Amino acid sequence: MAAPIRISELSCHYGRLRALTSVSTTIPTGTTTALVGANGSGKSTLLAVMAGTKKMSSSRIEGLPRNVAFVVQRSAVPDRLPITVREAVEMGRWRRRGLLGRLDGHDRSVVDGALEDLGIQDLAGRQLGEVSGGQRQRALIAQGLAQQAELLLLDEPLAAVDEETALRIETTIRRQRAAAVTVVLATHDIEQAARADRVIRLDGGTIANDGVTGRPAA
Ligand SMILES: Nc1ncnc2c1ncn2[C@@H]1O[C@H](COP(=O)(O)OP(=O)(O)OP(=O)(O)O)[C@@H](O)[C@H]1O
């Protein structure tokens, strides 16, 4: 099994605002970790640092895999992107194919599998901007799955989704864990957090609590 992800003394700023201060933790490979904490406590920032989309001011992160999928909060994605649901999921293959590379049969079957996992194969031809918010959330997660990443980062995957969509997303996360994918998710859903292997509670940009739940996700 690959080495765990070790984060040491991570600090991170937006201009003069310090969003994370001296965050240190270890995330074992193949486990599911939930980040919890109040609005503004630094959950999204920690995910963005791990995804490489936000620069840190200081830190050492060891063991980050090369292929990381980051599914941002739905509210951070424009509602009216002029692409179909399938095209959105296909974007998950871009890193492997390159922007102009054509998808081959394997890519297409990975995309089909991701659409099926999230139960949106019937919506594949619809415009992303014309499906419901919960369906769009499924499409964004399917895009993350299509990357076949070793580390899957999910920012509030259950925000404003109905029960069926939540169940579908939870099943997907369990399957990723069973496939030894490391999952880190930010959530305000206490039940979802309790289903993770461990919970990290952030408070004002520092770790207030870091512990195993004793309830394995698989
Ligand atoms: N792009 C940005 N520019 C400036 N400040 C930011 C930016 N993004 C986040 N912040 C600030 O950084 C801090 C941490 O925000 P972050 O979004 O990481 O928190 P969060 O725990 O994910 O919150 P939420 O639960 O509301 O999603 C907050 O004080 C926030 O105002």
Side-chain angles (χ1 to χ4, degrees), residues 5-27 31-61 63-65 68-81 132-144 147 149 151-163 165-166 169-170 172-173 176 181-213 217:
I5 300 166
R6 288 185 204 282
I7 300 174
S8 319
E9 297 291 322
L10 165 63
S11 294
C12 188
H13 293 76
Y14 293 97
R16 297 179 63 177
L17 184 136
R18 194 195 283 231
L20 293 173
T21 306
S22 294
V23 167
S24 298
T25 190
T26 299
I27 297 171
T31 61
T32 299
T33 298
L35 305 179
V36 301
N39 293 135
S41 57
K43 303 179 299 295
S44 300
T45 303
L46 183 52
L47 291 178
V49 168
M50 294 174 80
T53 59
K54 168 78 185 138
K55 278 209 178 118
M56 48 213 164
S57 320
S58 64
S59 173
R60 227 178 43 240
I61 302 189
L64 261 187
V68 179
F70 184 20
V71 180
V72 297
Q73 281 182 29
R74 190 173 83 215
S75 56
V77 179
D79 282 351
R80 297 272 154 209
L81 278 181
S132 76
Q135 291 166 337
R136 208 156 45 240
Q137 178 73 330
R138 292 191 196 204
L140 295 177
I141 294 175
Q143 183 190 88
Q147 278 194 47
L151 172 61
L152 177 63
L153 306 170
L154 303 168
D155 200 350
E156 297 193 28
L158 299 189
V161 299
D162 67 19
E163 207 172 317
T165 300
I169 292 171
E170 285 295 280
T172 300
I173 293 170
Q176 291 296 296
V181 173
T182 308
V183 179
V184 182
L185 56 93
T187 187
H188 289 285
D189 185 311
I190 298 306
E191 289 178 17
Q192 182 181 41
R195 283 190 291 271
D197 298 301
R198 57 203 287 264
V199 178
I200 296 175
R201 177 172 297 279
L202 290 168
D203 183 8
T206 63
I207 292 188
N209 206 292
D210 186 348
V212 293
T213 57

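This structure is a prediction, so every number in the text was calculated from the model and none was measured. The residues of the chain are indexed from 1 along the displayed sequence. Just so you know, ligand 1 is whichever comes first in the structure, and atom 1 is the first atom listed for that ligand.
Looking only at side-chain heavy atoms (C-beta outward), V68 and M50 stay at 4.5 Å or farther from each other. Side-chain contact between L140 and Q137 is present, with at least one heavy-atom pair separated by less than 4.5 Å. Within the 4.5 Å cutoff, the side chain of I7 has no heavy atoms near those of the V49 side chain. In this structure, the side chains of D189 and P157 stay at 4.5 Å or more apart for every pair of heavy atoms.
By the 4.0 Å N-to-carboxylate-O rule, D155 lies too far from K43 to be salt-bridged with it.
For ligand 1, one of its N or O atoms has an N or O atom of G40 under 3.5 Å away. Residue A19 places no N or O, backbone or side chain, under 3.5 Å from any N or O of ligand 1.
Applying the 4.0 Å criterion to heavy atoms of Q73 picks out, from ligand 1, the atoms 27 (O). Taking every non-hydrogen atom of H188 and a distance limit under 4.0 Å, the qualifying atoms of ligand 1 come out as 25 (O). Per-residue contacts place E156 under 4.0 angstrom from the following atoms of ligand 1 (heavy atoms of the residue considered): 24 (P), 25 (O), 27 (O). Those atoms of ligand 1 with a heavy atom of T45 less than 4.0 angstrom away are 14 (C), 15 (O), 16 (P), 18 (O).
Ligand 1 lies within reach of G42, whose nearest heavy atom is under 4.0 Å from it. For S41, the closest heavy-atom approach to ligand 1 falls below 4.0 Å.
When heavy-atom distances to ligand 1 are checked against a 4.0 Å cut-off, L17 comes that close only through its side chain, counted from C-beta outward. With a 4.0 Å heavy-atom cut-off, ligand 1 is reached by the backbone of A38 but not by any atom from C-beta on.
Residue, atom and distance of the protein heavy atom nearest to atom 17 (O) of ligand 1 are S44 CB, 3.7 Å. In terms of protein heavy-atom proximity, atom 24 (P) of ligand 1 is closest to N39 ND2, 3.6 Å. Nearest non-hydrogen protein atom to atom 9 (C) of ligand 1 is Y14 CE1, 3.5 Å.
Paired with I169 under the rule side-chain contact (heavy atoms from CB on, under 4.5 Å), one option of L154, L185, I141 passes, and it is I141. Looking at V183, L46, V184, V72 one by one, the single match for side-chain contact (heavy atoms from CB on, under 4.5 Å) with L153 turns out to be V184.
Side-chain N or O atoms of T33 include none that pairs as donor or acceptor with a backbone N or O of R198 at under 3.5 Å.
Proximity of atom 11 (C) of ligand 1 to the protein is indicated by at least one non-hydrogen atom lying closer than 4.0 angstrom. At least one protein heavy atom sits closer than 4.0 Å to atom 22 (O) of ligand 1.
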Open item on the list: The test is side-chain contact (heavy atoms from CB on, under 4.5 Å); show your working for N209 and V199 and say whether it passes.
Closed with: CA-CA 8 Å; N209 206 292; V199 178; over 6 Å; no

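Annotation: the span from H188 atom NE2 to N39 atom CG amounts to 4.5 Å, rounded to 0.5 Å.
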